Each structure stands twice: as structure tokens, then as C-alpha cells.
Amino acid sequence: MITLYGIKNCDTIKKARRWLEEHGIDYRFHDYRVDGLDNALIQSFISELGWEPLLNTRGTTWRKLDEATRHQITTADAAASLMIEMPAIIKRPLLCEPGKPMLLGFSESSYTLWISSCRKATSE
């Protein structure tokens, strides 16, 4: 089962959900704020994608951090702690299916390719 991770009021999440629904893709939505986010989950994301791509340094949440806090985020552990404390700072959406590479961010073309490769691998 595909899982879409994010925050429900995010515009990009809304676009991704709409795309998945329009294409008849079954998925489960995991809202970080409602369903939770723990160290094990964030570590699984970091181990595959790295902490830098997961940390949304272009968003409002990052910009609202004081300079001293931003300068402390130099390791995976520091980033993970911040992401658990402030889930809105995680780049989204994150699309996952067990045994398949994770897909971070949304574009119609990347979703088309990702879904196609997942279906192809499943039919083999």
C-alpha cells in the first residue's frame, strides 16, 4: 500500500492527493500532526533520502526560526529532532511504498514515472 506523508492543509499535499485520486491510485494518507511522527519514522526517511533534502529551508517555518537555531542544524540527529518537534519543516509530500524508492516532492511527471515503475515492479 502506498503511503503519502505530509500535512493535510498544505497546498502541495492537496495537489498530490488530487492527482492520486484522479488516477485511481489507492493510498493511505499519514498526517504528521494527526497520525504522529516519531524518531523511527524520521530516521527511515533520513536513511534513504538524507536529512538535507527533507529539511524545507525555503518555507515559512524555517524562516521563522532564530538564526542560532538554524545554525545548530548541522547533523542528521539535530535535523531529526527539529523535524519531530516541528513537522511543518519537513519537505512534502513524501510518497512511500514498501520495497520501492521514496519520492519527495510533487510534480505530475515524477508521480507518473514513480507509479508506473511501482506497477511494473509489482507485475513482474
Side-chain angles (χ1 to χ4, degrees):
M1 168 65 77
I2 293 171
T3 303
L4 179 70
Y5 291 93
I7 297 169
K8 72 178 175 183
N9 62 343
C10 169
D11 289 339
T12 310
I13 290 291
K14 291 175 184 176
K15 289 177 193 174
R17 292 182 81 173
R18 191 175 317 115
W19 188 94
L20 291 167
E21 289 160 9
E22 287 173 356
H23 289 83
I25 308 298
D26 289 332
Y27 70 97
R28 175 176 119 19
F29 179 61
H30 181 105
D31 187 319
Y32 295 134
R33 292 181 175 150
V34 175
D35 302 312
L37 179 64
D38 61 20
N39 193 53
L41 185 59
I42 200 71
Q43 290 301 331
S44 71
F45 298 163
I46 289 172
S47 69
E48 181 164 338
L49 300 168
W51 66 269
E52 294 97 336
L54 283 168
L55 193 62
N56 184 1
T57 58
R58 297 161 114 205
T60 306
T61 305
W62 177 260
R63 289 193 307 266
K64 287 182 178 179
L65 292 175
D66 61 75
E67 196 69 26
T69 302
R70 280 189 249 157
H71 284 303
Q72 291 173 0
I73 310 304
T74 58
T75 66
D77 288 341
S81 294
L82 181 65
M83 289 184 236
I84 290 168
E85 180 185 337
M86 306 175 89
I89 209 159
I90 302 170
K91 197 174 289 181
R92 50 195 183 267
L94 178 58
L95 202 55
C96 301
E97 185 172 31
K100 309 290 187 274
M102 294 176 184
L103 180 61
L104 184 60
F106 172 77
S107 75
E108 290 188 15
S109 59
S110 64
Y111 269 46
T112 299
L113 287 171
W114 192 86
I115 293 296
S116 174
S117 70
C118 288
R119 286 184 172 164
K120 183 179 177 183
T122 304
S123 66
E124 292 176 349

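Just so you know, these numbers come straight off a predicted model, no measurement behind them.
- Ile25 and Leu104 are not part of a single hydrophobic cluster, where members link through side-chain heavy atoms under 4.5 Å apart.
- A pairwise comparison of heavy atoms in Ile90 and Arg92 identifies O-NH1, 3.2 Å as the closest pair.
- Cys10 places none of its side-chain heavy atoms less than 4.5 Å from the side chain of Phe106.
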- Evaluation steps, salt bridge (Lys or Arg N to Asp or Glu O under 4.0 Å), between Glu21 and Arg18: CA-CA 5 Å; Glu21 289 160 9; Arg18 191 175 317 115; over 6 Å; no
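- If you take CD1 on Ile89 and CG on Leu54, they are separated by 11.5 Å, rounding to the nearest 0.5 Å.
- To the nearest 0.5 Å, atom CD1 of residue Ile73 and atom OG of residue Ser81 are 8.0 Å apart.
- At least one side-chain heavy atom of Arg17 sits under 4.5 Å from a side-chain heavy atom of Tyr27.
- We find the CG-CG distance between Leu4 and Leu20 to be 6.0 Å, quoted to the nearest 0.5 Å.
- A side-chain donor-acceptor contact under 3.5 Å links Trp114 to the backbone of Pro101.
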- Message: Please evaluate residues Ile13 and Ile7 with respect to the criterion side-chain contact (heavy atoms from CB on, under 4.5 Å), reporting the C-alpha separation (whole Å), side-chain torsions for both, the decisive distance (0.1 Å), and the verdict.
- Response: CA-CA 7 Å; Ile13 290 291; Ile7 297 169; 5.5 Å; no
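- The shortest side-chain heavy-atom distance between Tyr111 and Leu103 falls under the 4.5 Å cut-off.
- For the pair Met102 and Cys96, the tightest heavy-atom approach, listed with the atom from each and the gap, is CG-SG, 3.7 Å.
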- Message: Applying side-chain contact (heavy atoms from CB on, under 4.5 Å) to Trp51 and Leu82, what does each step give before you reach the verdict?
- Response: CA-CA 11 Å; Trp51 66 269; Leu82 181 65; over 6 Å; no
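- Once rounded to the nearest 0.5 Å, the distance linking CD of Glu22 with CD of Glu108 reads 8.0 Å.
- Side-chain contact between Met83 and Tyr32 is absent, with no heavy atoms from C-beta onward closer than 4.5 Å.
- Residue Ala76 comes nearest to Ile46 through the heavy atom pair O-CD1, 3.9 Å, listed as atom of the first residue, atom of the second, then distance.
- Ring geometry for Tyr5 versus His30: interplanar angle of 30 to 60°, hence tilted.
- Between the CD1 atom in Ile115 and the CD atom in Glu97 there is a gap of 7.5 Å [rounded to 0.5 Å].
- For the residue pair Arg28 and Met1, the shortest heavy atom distance occurs at N-SD, 3.9 Å.
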- Task: Kindly indicate, with the supporting measurements, whether the criterion side-chain contact (heavy atoms from CB on, under 4.5 Å) is fulfilled by Asn39 and Ile84.
- Result: CA-CA 7 Å; Asn39 193 53; Ile84 290 168; 3.8 Å; yes
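- Under the 4.5 Å side-chain criterion, counting only non-hydrogen atoms from C-beta, His71 is not in contact with Asp66.
- Smallest separation of non-hydrogen atoms from Ser110 and Ser107: OG-OG, 2.8 Å.
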- Task: Report the C-alpha distance between Asp77 and Gln43 in whole Å, list the side-chain angles of each, state the deciding distance to 0.1 Å, and finish with yes or no for side-chain contact (heavy atoms from CB on, under 4.5 Å).
- Result: CA-CA 9 Å; Asp77 288 341; Gln43 290 301 331; 4.1 Å; yes
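- Atom CZ in Arg33 sits 10.0 Å away from atom NZ in Lys8 (nearest 0.5 Å).
- Taking all atoms of both residues into account, the shortest heavy-atom contact from Thr61 to Ala88 is OG1-CB, 3.5 Å.
- Listed for the Arg70 side chain is a donor-acceptor partner under 3.5 Å among the backbone atoms of Leu65.
- By the 4.5 Å heavy-atom criterion applied to side chains, Ile2 and Asp26 are not counted as neighbours.
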